[in-house]
Amino acid sequence: MTPHFWRNPVFFGLLGLILVATPCLYYFSMGIPGTMVTETESADGNRTVVVETVRQGTFNPFLLIFVIGATVAALGCYRNTFMAWVGSIFVLVYSMLAVFSIGLLILPGALLLIIGIALRTINKNA
């Protein structure tokens with residue numbers, strides 16, 4: 001007997017993985033556009049100010065930690081309750097720590113992972 005669609009922890013695990021991995025992998029490959037200002041002064045007193053657009057955060061391994069944690073949580077929603085709890089709490093705590101950079105984009109996915117593991121725990125106990 002299969003559980004109802006909205007009580008399926010694997011559905012929430014996969015949806016949470018997608019919502020966490022998509023912005024992380026996007027910013028990992030593209031970076032966040034920003035500006036860099038450099039100022040030089042020559043010996044005769046002339047100043048040169050250069051403003052350029054740079055991509056900050058490209059290939060930052062911090063973003064891959066979110067993807068690995070979400071993958072562990074999604075696999076745990078499918079197989080192992082302990083693994084799902086560890087991955088879900090890890091992603092939730094890290095998204096709260098990074099709330100001012102990318103954490104707001106990751107927080108809905110982390111909450112879906114928590115819902116998925118809660119459903120898995122409830123289904124396991126029932």
Side-chain angles (χ1 to χ4, degrees):
M1 178 185 249
T2 60
H4 190 266
F5 182 70
W6 291 109
R7 294 191 50 88
N8 189 354
V10 178
F11 169 73
F12 284 101
L14 289 176
L15 190 60
L17 174 65
I18 290 169
L19 288 178
V20 169
T22 302
C24 288
L25 292 177
Y26 175 75
Y27 287 124
F28 178 76
S29 61
M30 297 300 291
I32 300 171
T35 58
M36 182 173 70
V37 179
T38 55
E39 182 177 345
T40 59
E41 186 172 342
S42 61
D44 58 352
N46 291 334
R47 286 185 173 184
T48 304
V49 177
V50 177
V51 179
E52 56 187 337
T53 303
V54 294
R55 295 283 181 178
Q56 298 171 349
T58 308
F59 304 117
N60 187 357
F62 176 71
L63 296 171
L64 291 181
I65 292 172
F66 284 112
V67 177
I68 292 169
T71 304
V72 167
L75 284 173
C77 284
Y78 178 66
R79 293 191 169 235
N80 189 351
T81 306
F82 178 72
M83 189 167 69
W85 275 115
V86 168
S88 298
I89 298 297
F90 178 79
V91 172
L92 182 66
V93 168
Y94 265 46
S95 68
M96 285 192 270
L97 288 175
V99 73
F100 295 113
S101 60
I102 195 171
L104 285 178
L105 293 173
I106 294 173
L107 191 60
L111 293 176
L112 283 174
L113 288 171
I114 293 287
I115 291 170
I117 186 53
L119 288 174
R120 177 164 173 82
T121 304
I122 290 170
N123 290 344
K124 184 178 178 183
N125 290 337

What are the two closest non-hydrogen atoms of [X] and [Y], and how far apart are they?
X: G45; Y: E41; result: CA-OE2, 4.3 Å
X: V91; Y: G69; result: CG2-C, 3.4 Å
X: A110; Y: S95; result: CB-OG, 4.2 Å
X: A73; Y: G87; result: CB-C, 3.7 Å
X: F66; Y: A98; result: CZ-CB, 4.1 Å
X: G13; Y: A74; result: O-CB, 3.6 Å

Would you please name every residue forming a side chain to side chain contact (heavy atoms under 4.5 Å, CB included) with [X], sequence neighbours left out?
X: I68; answer: none
X: I89; answer: W85, V93, I114
X: I115; answer: F12, L112, L119
X: T48; answer: T40, V50

Could you measure the distance from the [atom1] atom of [X] to the [atom2] atom of [Y]? Nearest 0.5 Å is fine.
X: T121; Y: F82; atom1: OG1; atom2: CZ; result: 12.0 Å
X: I106; Y: L111; atom1: CD1; atom2: CG; result: 12.0 Å
X: L19; Y: L14; atom1: CG; atom2: CG; result: 11.0 Å
X: I102; Y: F62; atom1: CD1; atom2: CZ; result: 8.5 Å

Does L17 sit in a hydrophobic cluster with other residues, and if so which ones, taking ILVMFWY side chains as linked at heavy-atom separations under 4.5 Å, directly or through other members?
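Listed partners: none, L17 stands alone.
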Say whether [X] and [Y] are linked into one hydrophobic cluster, either directly or through other cluster members, by side-chain heavy-atom distances under 4.5 angstrom.
X: I18; Y: F11; value: no
X: V72; Y: I117; value: no
X: F59; Y: I65; value: yes
X: F100; Y: L105; value: no

Apply side-chain contact (heavy atoms from CB on, under 4.5 Å) to the pair L107 and L92, showing each step before the final yes or no.
CA-CA 7 Å; L107 191 60; L92 182 66; 3.8 Å; yes
Per the salt bridge (Lys or Arg N to Asp or Glu O under 4.0 Å) rule, what does the pair list look like for residues 24-39, sequence neighbours excluded?
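Matches after skipping sequence neighbours: E39-R47.
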Once side-chain hydrogen bond (donor to acceptor under 3.5 Å, both in side chains) is applied, do any residues pair with S42, and if so which ones, sequence neighbours excluded?
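If we apply the side-chain hydrogen bond (donor to acceptor under 3.5 Å, both in side chains) test to S42, skipping adjacent residues, the hits are D44.
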Test of understanding: with side-chain hydrogen bond (donor to acceptor under 3.5 Å, both in side chains), list the residues that count as partners of S101, not counting sequence neighbours.
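Per chain and number, S101 pairs via side-chain hydrogen bond (donor to acceptor under 3.5 Å, both in side chains) with no residue.
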Using residues 24-37 as the side-chain source, report each donor-acceptor pair under 3.5 Å to any protein atom, sequence neighbours left out, with the distance given to one decimal.
| residue | atom | partner | partner atom | Å |
| --- | --- | --- | --- | --- |
| S29 | OG | L25 | O | 3.1 |
| S29 | OG | Y26 | O | 3.1 |

Would you indicate whether Y94, at its atom OH, is surrounded by more than 12 heavy atoms from other residues, nucleotides or ligands within a distance under 6.0 Å?
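For Y94, atom OH is not crowded (no more than 12 foreign heavy atoms under 6.0 Å).
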Under the side-chain hydrogen bond (donor to acceptor under 3.5 Å, both in side chains) definition, can you give me all pairs with a residue in residues 63-84, not counting sequence neighbours?
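Every side-chain hydrogen bond (donor to acceptor under 3.5 Å, both in side chains) pair that includes a residue of residues 63-84, provided the two are not neighbours, is T81-R120.
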